[in-house]
Amino acid sequence: MRLMTISSGSSGNSSYVGTDTTSLLVDVGNSMKNIINGLQDIGLSGKDVDAILITHEHMDHIKGLGILSRKYNIPIYATYGTLDGIMTCKSLGTFDYNLFKPIKSDQSFEIGDITISSKSISHDANEPVCFNFTDGKSKVSIATDFGKYDDLIIDFLSESDAMVIESNHDVRMLEVGPYPFELKRRILSDKGHLSNEASGMLIKQLLNDHLKHISLGHLSDKNNYPELAYETVKQEISDNIFTSDIRDFGLTVAPRYEHGELIEV
């Protein structure tokens, strides 16, 4: 399995997941140019994309969806609620609705040689989900945009070989920052976003002896710094039963405007 963030942050999110024979995009919240440039850097083009999977209908996850799906005729997989939200977003333009492939959370489906499973998450969107991907030999997980987690989420994401996990904000920066009160309350709510501390506590429960890569994603540009997110999560996971050197887990922060390292597990 391969994993690469194409961009990640409050200004736009997209990731690539693939194998030798199957290529998927998870969210397309950037311009088509940005996404295609990221694919080209790893030897792929828009014609190679077998499907687009959407976690939820917020613009920083769907901005490039209309133009990408029209140009390359790419199927779009999302929950019924998310597809409803996409259809009401007029700025995306028209769609060939035959490309819409509704999915249900807590069910699995296959695209090429990849089995995908989804799980409902707590966010202020219609029917948001996170995703697992496996080729039968390794497992990749992508989970961002959720304000809380529980044992079901921990079980769903556990035993991953590589993962992208939200580390959206530093609570103190958010509290004293420029956002209006209602937006701060939304971000801090159970349907908002994970703080650095919450992200670290979740990741600590997901550590295992074969985890090779952890990418911290969806950082706020106003209420976080990459170095702060990294150090906060590093501190949370340093005391673990698997290794004395957290470099073994491949902890990184996903870049905001450019793609990250292509990870193979």
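If you're wondering where the values come from, they're calculated on a predicted model, not measured in any experiment.
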J.: Which pairs count as ring pair (Phe, Tyr, Trp, His ring centres under 6.0 Å) when at least one residue sits in residues 16-38, sequence neighbours excluded?
T.: none
J.: Is Arg172 paired with Glu197 through a side-chain N to carboxylate O contact shorter than 4.0 Å?
T.: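 A salt bridge is present here (some side-chain N lies under 4.0 Å from a carboxylate O).
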J.: Centres of the Phe100 and Tyr77 rings: under 6.0 Å?
T.: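 No, too far apart.
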J.: Report the distance from atom OG of Ser69 to atom CD1 of Ile74, rounding to the nearest 0.5 Å.
T.: 7.5 Å
J.: Taking the basic N atoms (NZ, or NE/NH1/NH2) and the acidic carboxylate oxygens, is any pair closer than 4.0 Å for Glu236 and Lys204?
T.: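 Salt bridge between Glu236 and Lys204, a charged N being under 4.0 Å from a carboxylate O: no.
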J.: Run the ring-centre check on His169 versus His218 and record whether the distance is less than 6.0 Å.
T.: no
J.: Please determine whether residues Tyr230 and Val164 belong to a single hydrophobic cluster, defined as Ile, Leu, Val, Met, Phe, Trp and Tyr linked transitively by side-chain heavy-atom distances below 4.5 Å.
T.: no
J.: Heavy atoms, side chains only, cut-off 4.5 Å: are Ile121 and Phe156 in contact?
T.: no
J.: Going hydrophobic residue to hydrophobic residue with side-chain gaps under 4.5 angstrom, can you get from Val17 over to Leu39?
T.: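 Shared cluster, no.
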J.: For Asp124, which of Lys191, Arg185, Arg186 qualifies under salt bridge (Lys or Arg N to Asp or Glu O under 4.0 Å)?
T.: Arg186
J.: Determine whether the side chains of Asp113 and Thr21 contain a donor N or O and an acceptor N or O closer than 3.5 Å.
T.: yes
J.: Under the criterion side-chain hydrogen bond (donor to acceptor under 3.5 Å, both in side chains), I'd like the reasoning laid out for Ser7 against Asn30: C-alpha separation, chi angles, the key distance, then a yes or no.
T.: CA-CA 8 Å; Ser7 60; Asn30 303 90; 2.3 Å; yes
J.: Verify the neighbour count for atom CD of Gln235: are there more than 12 heavy atoms of other residues, nucleotides or ligands below 6.0 Å?
T.: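 At most 12 heavy atoms, drawn from other residues, nucleotides or ligands, come within 6.0 Å of this atom.
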J.: Answer yes when Asp161 and Lys137 have at least one side-chain N-carboxylate O distance shorter than 4.0 Å, and no when they do not.
T.: no
J.: About how many Å separate CG of Asp27 and OG of Ser14, when rounded to the nearest 0.5 Å?
T.: 7.0 Å
J.: Are Leu157 and Ile116 connected, step by step, through hydrophobic side chains (Ile, Leu, Val, Met, Phe, Trp, Tyr) whose heavy atoms are closer than 4.5 Å?
T.: no
J.: Which class fits the ring pair Phe133 and Phe131: parallel under 30°, tilted 30 to 60°, perpendicular over 60°?
T.: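 If you compare the ring of Phe133 with that of Phe131, the planes turn out tilted.
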J.: Test of understanding: with side chain to side chain contact (heavy atoms under 4.5 Å, CB included), list the residues that count as partners of Asp41, not counting sequence neighbours.
T.: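 Partners of Asp41 by the side chain to side chain contact (heavy atoms under 4.5 Å, CB included) criterion, ordered by chain and then number, come out as His259.
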